[in-house]
Amino acid sequence: MKKLGLAGVGLLAAFPAMAQDAAAIAPYVFEKVVDKGDVAWMSISTVLVLLMTVPGLALFYGGLVRTKNMLSMLTQVFAIASVVAIIWVTYGYSLAFSSGGAWDSYVGGFDKAFLRGVDVTTMVPTFTNGVWLPEFTFIAFQMTFAMITPALIVGAFAERIKFSSLMVFIILWVTFIYFPMAHMVWWWGGPDFLAEQQTLKLIAEAAGDTAGAEAASANLAANGLLWNWGALDFAGGTVVHINAGIAGLVGCIMLGKRVGYGKESMAPHSLTMTMIGAALLWVGWFGFNAGSNFESNSITSLVIVNTFIATAAAGVAWMFAEWLMKGKPSLLGLVSGVVTGLVAITPACGFAGPMGSLVLGLGAGVACFFFVGYVKNMFKLDDSLDVFGIHGLGGIIGALATGILVNPALGGAGIPDYTSVPGTLQVAEYVFSVHFMNQVWAVGFTILFVGIGSAILFKLVDLLMGLRVANDVEREGLDLAEHGERAYNM
Amino acid sequence: MKKLGLAGVGLLAAFPAMAQDAAAIAPYVFEKVVDKGDVAWMSISTVLVLLMTVPGLALFYGGLVRTKNMLSMLTQVFAIASVVAIIWVTYGYSLAFSSGGAWDSYVGGFDKAFLRGVDVTTMVPTFTNGVWLPEFTFIAFQMTFAMITPALIVGAFAERIKFSSLMVFIILWVTFIYFPMAHMVWWWGGPDFLAEQQTLKLIAEAAGDTAGAEAASANLAANGLLWNWGALDFAGGTVVHINAGIAGLVGCIMLGKRVGYGKESMAPHSLTMTMIGAALLWVGWFGFNAGSNFESNSITSLVIVNTFIATAAAGVAWMFAEWLMKGKPSLLGLVSGVVTGLVAITPACGFAGPMGSLVLGLGAGVACFFFVGYVKNMFKLDDSLDVFGIHGLGGIIGALATGILVNPALGGAGIPDYTSVPGTLQVAEYVFSVHFMNQVWAVGFTILFVGIGSAILFKLVDLLMGLRVANDVEREGLDLAEHGERAYNM
Amino acid sequence: MKKLGLAGVGLLAAFPAMAQDAAAIAPYVFEKVVDKGDVAWMSISTVLVLLMTVPGLALFYGGLVRTKNMLSMLTQVFAIASVVAIIWVTYGYSLAFSSGGAWDSYVGGFDKAFLRGVDVTTMVPTFTNGVWLPEFTFIAFQMTFAMITPALIVGAFAERIKFSSLMVFIILWVTFIYFPMAHMVWWWGGPDFLAEQQTLKLIAEAAGDTAGAEAASANLAANGLLWNWGALDFAGGTVVHINAGIAGLVGCIMLGKRVGYGKESMAPHSLTMTMIGAALLWVGWFGFNAGSNFESNSITSLVIVNTFIATAAAGVAWMFAEWLMKGKPSLLGLVSGVVTGLVAITPACGFAGPMGSLVLGLGAGVACFFFVGYVKNMFKLDDSLDVFGIHGLGGIIGALATGILVNPALGGAGIPDYTSVPGTLQVAEYVFSVHFMNQVWAVGFTILFVGIGSAILFKLVDLLMGLRVANDVEREGLDLAEHGERAYNM
Amino acid sequence: MIIAAIKPYKLDEVREALTTLGVRGMMVTEIKGFGTQSGHTEIYRGAEYAVNFVPKMRLEMVVSDGLAEQVVDTISKTARTGKIGDGKIFVIDVQSALRVRTGETDDDAL
Amino acid sequence: MIIAAIKPYKLDEVREALTTLGVRGMMVTEIKGFGTQSGHTEIYRGAEYAVNFVPKMRLEMVVSDGLAEQVVDTISKTARTGKIGDGKIFVIDVQSALRVRTGETDDDAL
Amino acid sequence: MIIAAIKPYKLDEVREALTTLGVRGMMVTEIKGFGTQSGHTEIYRGAEYAVNFVPKMRLEMVVSDGLAEQVVDTISKTARTGKIGDGKIFVIDVQSALRVRTGETDDDAL
Ligand SMILES: Nc1ncnc2c1ncn2[C@@H]1O[C@H](COP(=O)(O)OP(=O)(O)O)[C@@H](O)[C@H]1O
Ligand SMILES: Nc1ncnc2c1ncn2[C@@H]1O[C@H](COP(=O)(O)OP(=O)(O)O)[C@@H](O)[C@H]1O
Ligand SMILES: Nc1ncnc2c1ncn2[C@@H]1O[C@H](COP(=O)(O)OP(=O)(O)O)[C@@H](O)[C@H]1O
């Protein structure tokens with residue numbers, strides 16, 4: 001492998017020169033090099049994302065509900081993660097990360113169902129020419145994303161949904177919403193494929209072979225819809241957070257308020273658990289964000305620094321905003337801000353600079369505090385655990401901010417360009433009107449697609465089996481009625 | 001190191017050809033290459049296995065006992081892990097992983113007691129020719145296995161054992177049961193040693209030097225008993241889980257039922273803690289399983305994928321089986337299934353394919369649900385936290401299934417063969433009657449050895465100091481009586 | 001990178017020979033090589049140190065206070081970590097790790113404020129010639145140290161400090177105490193810089209160029225004060241633990257005892273949480289200690305083994321000492337010992353051998369048990385969560401022991417020497433009177449500097465805004481009064 | 001002294017009703033209620049437990065004789081759902097009452 | 001009204017005995033009991049705390065006058081272990097009882 | 001029977017005072033107290049909850065008639081802080097008492 005490595009590097013290093021004069025242009029040759037350091041980092045990142053989900057998210061949500069519904073919360077998150085893991089290897093991975101033929105812009109096909117054709121020798125590209133990963137590494141990492149996203153939704157209609165209906169809804173939702181979204185945002189050929197096709201195109205054009213040139217151009221465009229739109233989403237702000245946030249919003253509206261909402265106290269039964277959950281989300285999120293770099297290099301570290309800063313900034317911002325407006329700095333406020341910061345930095349973590357991340361964190365923290373603390377009440381919205389207020393809104397802020405902070409003038413990494421000098425990663429000129437608008441369109445599309453799609457699925461399940469438990473069940477609590485257990489027997 | 005790396009690779013690459021014609025056969029030369037990516041992965045894997053033990057296992061068990069015994073559970077797990085860590089570096093590592101001379105098939109010797117002769121330059125082999133690890137890396141990783149295995153046992157006789165007696169028992173148990181088992185299953189010379197000896201054998205035979213040939217053959221056979229039997233156990237299904245499961249079974253029978261068993265409610269005092277524990281077991285188990293690959297490569301990722309699938313499948317299987325048979329899907333059922341899946345995939349994780357793992361998970365989940373939910377009650381067995389029902393039974397199912405799923409025809413990795421082409425890893429032909437039976441023998445031997453051995457040790461300690469606390473102590477709870485504290489003062 | 005790698009290694013390998021005869025001495029040339037395995041290990045180490053802080057430390061402390069103050073504990077730790085993270089990237093990193101010009105022995109300057117000049121191409125040295133890390137990797141790792149250190153202090157005056165005052169104090173404390181301490185202990189040029197300057201010096205001397213020789217000598221001495229004193233502190237025993245321990249001691253004296261101290265029961269409200277915290281501290285500490293090696297090699301593994309042994313030994317030692325002296329082995333005793341062991345091994349983890357670590361652990365465990373169990377009461381000291389008794393005292397024991405256990409005769413690594421053969425790491429002769437005394441001086445200096453400095457800052461904040469809450473607030477609990485929440489609503 | 005066992009979620013409602021009636025204080029305890037209303041069954045792995053108590057709130061208040069009847073009345077009205085398990089109200093004679101803060105006694109103490 | 005303090009693990013036994021006797025309901029509270037039975041000492045690092053209460057169960061039930069004696073009897077028989085800390089039983093006169101659900105009063109309410 | 005509601009942190013003090021007075025046992029319950037002393041407000045993100053109860057300790061003890069007055073006295077003295085929320089003391093007539101362990105009745109049972 002090392003040997004290949006050198007060869008590969010050699011070739012790549014040698015390449016740019018050639019690329020310049022189209023006259024003597026040569027086909028792009030490359031080797032697929034896997035570095036054990038990258039595999040080690042991706043493996044642990046995968047584990048960290050699982051840590052975010054269980055116990056992280058389960059506790060963050062569980063601590064916020066009433067004792068009588070604690071287990072329902074934990075079971076929902078844990079069961080969703082498990083069921084989706086099974087779906088992922090049966091057909092999910094294929095729908096998200098294989099060619100969809102005619103539908104390729106929107107969703108993948110079934111060629112890789114049951115992981116057909118995948119073995120320890122197949123590889124996937126990273127964001128660097130000549131650097132590849134074992135396909136299983138990629139499958140495992142992406143699996144954890146598919147596991148956590150639907151689990152994020154359940155906070156919006158906590159303490160009132162029927163477990164059976166939820167399971168059915170989730171299976172439909174990942175199939176018709178999540179996998180297509182992942183495909184539209186993340187499906188592309190990789191740096192070496194682009195370099196190869198771009199070179200073929202140049203050669204064909206030089207040789208006046210229009211057919212060949214068109215074929216190459218087609219290949220260059222064989223990516224997901226939003227990818228082709230140029231949407232920037234480093235670690236899944238759109239696919240994961242806006243996606244879950246909107247679905248949650250739709251869900252809490254369609255299920256309606258909890259019995260006693262606004263009248264009885266629905267205070268969190270254990271902020272200790274919520275703190276543990278928030279902390280583990282922070283810890284695990286480094287796998288989520290820095291793992292999305294697919295390599296273990298200086299950019300990985302930049303992502304880590306950004307994730308630290310934006311998170312701390314949003315936590316502190318929310319805490320002080322609350323201190324100022326409500327008189328006291330609360331732990332729940334602090335950790336809510338922390339999660340907001342994690343959400344907001346997700347799409348930007350590899351594109352923004354440290355100071356940009358600081359500003360983004362502060363902004364997102366204050367904005368979400370105001371939404372959750374005031375706006376939400378105005379709409380009498382029972383988004384019980386603020387899935388929209390934190391993941392939806394935070395995700396939108398982050399996605400839009402990415403279009404600004406990517407600007408090198410603001411310390412950003414700039415717009416990646418793999419084709420102008422095939423075989424190398426160049427930075428394209430930043431144009432606000434273009435690159436910011438790309439983000440706007442992507443966000444807009446996602447809101448519509450997910451909003452409408454989720455509404456249809458909720459309605460469907462409601463008609464089929466009813467979404468909500470009976471009032472008495474809600475009063476007694478879901479733990480006893482739905483799961484036959486109590487969380488605590490002290 | 002890199003330089004060596006290349007050299008090593010070069011040699012290995014060059015080798016097979018030679019190996020073919022025994023005529024011009026040359027001695028097997030190799031370099032010991034350590035890759036920093038492997039060390040990074042093994043280091044984090046080591047940490048992950050500690051995470052499984054504390055707080056993972058401690059919480060998984062602790063949450064299932066009554067409030068008054070919470071601390072006893074936590075203290076037992078924590079103290080066992082600590083005491084065994086000390087034993088490990090004094091004589092445990094030596095008994096498990098050094099040559100035992102005449103006893104070499106059964107147990108190691110004392111050459112490496114107090115880690116004599118180990119320093120930052122000594123290395124141990126992996127499963128790939130030419131790829132080695134620092135010996136300290138191996139010592140640390142294996143240490144965590146020795147720490148968690150005895151801790152698994154205590155769940156079987158929770159809420160009634162005397163702390164002092166338990167400590168004495170554990171010290172005896174690791175000395176006379178665990179270290180020998182580890183030696184019998186995992187003690188071998190490594191790929192390069194086998195290649196070297198096999199080559200020497202061929203050369204000797206070619207030269208008609210029978211003495212030399214026999215010497216080499218002897219070296220080729222200088223492995224642990226079960227290793228020589230050809231037992232497959234990728235990450236410790238036999239050494240860790242069947243081992244602990246059987247010891248637990250024997251223990252709960254010899255200690256007898258808890259006071260009030262069957263009459264009073266012994267409901268778990270905090271399923272929240274149990275959920276956290278189960279989740280951390282899942283998270284940490286990737287270090288346990290994928291770390292057992294000793295390298296950070298595509299096989300590591302295959303192990304991770306398998307561990308995800310089998311676990312999720314078993315969790316979901318148990319949950320639905322319970323839903324069907326008992327009317328409600330419980331969190332405890334779900335997480336019990338999750339742990340069952342982790343146990344079952346352990347021996348198979350590097351040998352089975354993803355779909356094989358899926359089937360294994362589903363099967364193990366349903367089987368253990370039926371044992372724990374029905375069979376166990378028939379035998380009025382107070383295996384309080386189902387150590388046998390989950391670790392013992394799950395481990396047996398996994399060990400046997402490994403003998404089937406390793407079959408390449410079922411997507412398995414096939415039977416490893418390091419000698420037919422020295423210096424390379426070949427896949428030997430799979431023969432059910434041979435390879436499945438190997439597993440049967442290994443399992444049978446383990447059950448007998450551990451069962452009888454543990455029974456003797458329990459009896460011994462019982463006679464010496466009594467295993468069980470007084471009734472009043474059991475009523476008041478072990479926390480106050482044995483440890484002088486209460487878990488909660490709320 | 002790989003290419004550089006080889007080059008670098010080549011050069012280094014080639015070097016020693018030359019170094020010998022000053023006659024034909026050549027300038028020291030080197031390449032900065034980054035290994036992805038090192039980056040992967042440092043990245044996960046960074047994450048592990050965060051895990052130590054939240055939820056680790058927060059829970060370890062939180063579990064020990066009364067229910068009514070749980071959230072205050074959690075909020076203090078979480079908020080401190082977040083605020084310091086922001087300070088770190090604005091000016092903290094610069095004060096700790098940039099040249100301080102005239103003040104260079106004591107503190108850094110502001111050249112790197114707002115991370116000016118840092119990007120994905122800048123690098124920092126490790127402890128091995130030719131092996132470097134991305135600067136962002138180093139910034140992130142060191143950030144986590146700055147985050148946890150001040151958080152350690154709050155345990156000393158738990159349940160009575162005003163949140164606002166604490167925040168102000170912490171900001172002052174990191175600025176005037178922590179950053180300077182870090183600079184004084186850890187600020188140096190790195191192996192390649194030393195080799196380069198040493199070579200220049202030799203060349204200059206050979207050429208009789210005294211000016212040049214002096215310049216080079218000056219550069220060789222451009223390190224932090226305690227570094228130049230030759231103080232050994234592998235992972236921060238002085239900077240982190242003695243530092244926080246002394247500050248805590250001063251704090252608890254200046255704030256005074258809690259209302260009802262000695263009269264009312266102040267039993268820990270949840271030892272379960274304390275156990276989780278202690279376990280996560282252990283887990284995360286491997287990032288803290290082994291990450292401080294900056295590389296992923298056999299020394300990393302040695303550190304891991306040492307950290308395991310010393311910790312287990314101290315835990316067991318405390319438990320048995322308590323069993324002997326107080327009649328019962330408690331969980332709190334066990335985990336207190338575990339944390340003591342972690343603290344004590346911190347400065348020694350890369351210098352001592354496994355058996356030295358075992359002895360250190362046993363000694364520290366017993367010593368701290370006696371202080372916390374007896375001495376402390378004699379002084380009627382309300383160091384509520386034993387910050388001094390464990391971090392202060394444990395840190396001092398560890399720092400002094402390092403000066404002994406580093407002795408190769410005791411299995412230690414020996415005194416590192418980068419200059420006698422530039423480009424290589426040599427082991428200097430161990431002289432007890434020299435190297436042990438170095439530790440004594442370093443410890444003494446730290447105690448004085450931190451003690452006096454912290455006292456001034458506490459006094460200042462007290463005069464400005466008062467350190468302590470009103471009696472009624474203390475009675476009602478800080479959670480409701482200061483944060484407007486309750487930890488549990490069960 | 002009036003002692004009542006009611007359904008937990010009725011507490012706020014009852015309290016408000018009583019306050020408007022002029023009851024100035026009470027002691028509330030979370031209790032396990034046994035009665036005709038049956039509990040539920042919990043299953044933990046193999047073990048099934050029949051939990052035959054129902055969580056209730058126990059109200060205890062001392063009121064002037066004049067108020068007693070209305071209080072009983074108000075509680076029963078507000079706490080009633082008509083479903084089994086609504087609870088019980090008992091009245092007991094009190095000999096003396098005293099307000100610790102002031103030392104006032106009997107009716108002045110309430 | 002009969003009020004009893006018993007050892008927690010005796011609760012189930014006592015309850016069953018009373019049910020067979022015809023007692024149809026009661027209120028049970030977890031209490032801290034102080035009495036001749038001494039508590040225990042807890043040690044947390046340096047600090048020792050003498051916990052001088054013992055966890056007990058407080059039973060409270062109203063029964064028709066006819067039943068009262070047997071009830072007291074049954075409780076004392078079933079709850080007795082002969083060891084210190086078995087508990088106490090007190091009887092208090094009740095003026096009126098009412099079942100919220102139906103409005104039935106006195107004996108019909110029980 | 002004497003029933004008192006006091007501030008939680010006064011429990012130890014009161015208990016000691018009563019022991020010296022000769023009270024040999026009591027039942028203590030953690031209760032939610034409603035009275036003139038107002039509670040507090042909690043804020044969780046957007047939601048504000050007015051918690052209008054205050055945690056109190058409920059003491060319940062049966063003493064011989066002779067002792068009753070002193071007991072009431074001692075409690076009110078020791079529990080008094082003069083601040084609102086000090087609590088109340090009620091006295092109720094007990095018909096009979098019994099010590100489970102021995103079967104002793106009335107004054108001997110206390
Ligand atoms: N005899 C009794 N003495 C004291 N409390 C009682 C008695 N009977 C019932 N209770 C209390 O009243 C609650 C409701 O009574 P239950 O019989 O379940 O329903 P209902 O009041 O509608 O008949 C019980 O949970 C118990 O707490
Ligand atoms: N005078 C009393 N008034 C109310 N409850 C009492 C009284 N004396 C004892 N108790 C209750 O009875 C329980 C048992 O009494 P104790 O004196 O400890 O043992 P015994 O009943 O065997 O003498 C105590 O824990 C307490 O709850
Ligand atoms: N009428 C009452 N009946 C029963 N308990 C009462 C009554 N009034 C007050 N209490 C109890 O006494 C406690 C203190 O009473 P409160 O009115 O708050 O202060 P104060 O006693 O100083 O007037 C209350 O929390 C409640 O538990």
Side-chain angles (χ1 to χ4, degrees), chain C residues 60-61 63-66 155 257-258 260-271 274-275 278 318-319 321-337 339-340 365 368-390 393, chain E residues 1-16 18-19 23-62 79 81-88 90 100-101:
Chain C
F60 183 66
Y61 278 176
L64 290 173
V65 300
R66 288 163 290 178
K257 301 183 180 46
R258 284 165 291 179
Y261 177 72
K263 280 196 252 63
E264 300 164 23
S265 163
M266 297 181 169
H269 90 282
S270 173
L271 286 179
T274 298
M275 187 288 290
W318 188 307
M319 183 178 80
E322 192 179 35
W323 204 340
L324 214 71
M325 306 297 299
K326 308 224 164 182
K328 283 172 179 163
S330 71
L331 173 67
L332 181 54
L334 174 58
V335 298
S336 303
V339 176
T340 304
C368 290
F369 162 74
F370 274 100
F371 180 87
V372 169
Y374 300 95
V375 184
K376 177 185 158 196
N377 292 339
M378 288 170 9
F379 291 106
K380 297 250 158 298
L381 208 63
D382 188 11
D383 175 0
S384 313
L385 311 186
D386 295 307
V387 174
F388 178 74
I390 289 177
L393 187 56
Chain E
M1 168 180 289
I2 293 151
I3 298 172
I6 63 170
K7 293 193 159 146
Y9 74 89
K10 282 289 190 180
L11 179 59
D12 287 347
E13 234 174 299
V14 172
R15 218 198 64 258
E16 276 156 30
L18 290 175
T19 319
V23 176
R24 296 229 287 301
M26 65 175 96
M27 303 189 251
V28 176
T29 322
E30 294 172 359
I31 59 160
K32 301 175 169 184
F34 292 89
T36 24
Q37 183 188 9
S38 56
H40 58 270
T41 308
E42 297 173 16
I43 305 184
Y44 299 99
R45 284 191 187 151
E48 305 202 5
Y49 301 117
V51 176
N52 29 32
F53 68 82
V54 186
K56 298 280 172 198
M57 284 291 178
R58 178 182 184 276
L59 279 50
E60 185 175 25
M61 73 212 74
V62 174
T81 68
K83 292 216 203 63
I84 201 161
D86 276 352
K88 303 265 187 289
F90 307 113
V100 172
R101 170 165 47 97

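Proteins get letters first, then strands, A, B, ... in listed order; numbering begins at 1 in each. This one's a predicted model, so the numbers in the text were calculated from it and none came from an experiment.
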Evaluation steps, side-chain hydrogen bond (donor to acceptor under 3.5 Å, both in side chains), between Glu60(E) and Thr29(E): CA-CA 8 Å; Glu60(E) 185 175 25; Thr29(E) 322; 5.3 Å; no
Derivation and outcome, side-chain hydrogen bond (donor to acceptor under 3.5 Å, both in side chains), residues Gln37(E) and Lys56(E): CA-CA 11 Å; Gln37(E) 183 188 9; Lys56(E) 298 280 172 198; 2.8 Å; yes
Side chain to side chain contact (heavy atoms under 4.5 Å, CB included) between Leu18(E) and Met61(E), worked out: CA-CA 10 Å; Leu18(E) 290 175; Met61(E) 73 212 74; 3.8 Å; yes
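Ring geometry for Tyr44(E) versus Tyr49(E): interplanar angle of 30 to 60°, hence tilted.
For a residue to count as touching a neighbouring chain, one of its non-hydrogen atoms must lie under 4.5 Å from one of that chain's; by this rule Lys326(C) touches chain E with backbone and side chain alike. Using a 4.5 Å cut-off between heavy atoms, Ile390(C) contacts chain E through its side chain alone, with no backbone atom that close. Heavy atoms of Leu271(C) lying under 4.5 Å from chain E belong exclusively to its side chain.
Most heavy-atom pairs under 4.5 Å with chain E, from the set Gly389(C), Ser336(C), Gly373(C): that is Ser336(C).
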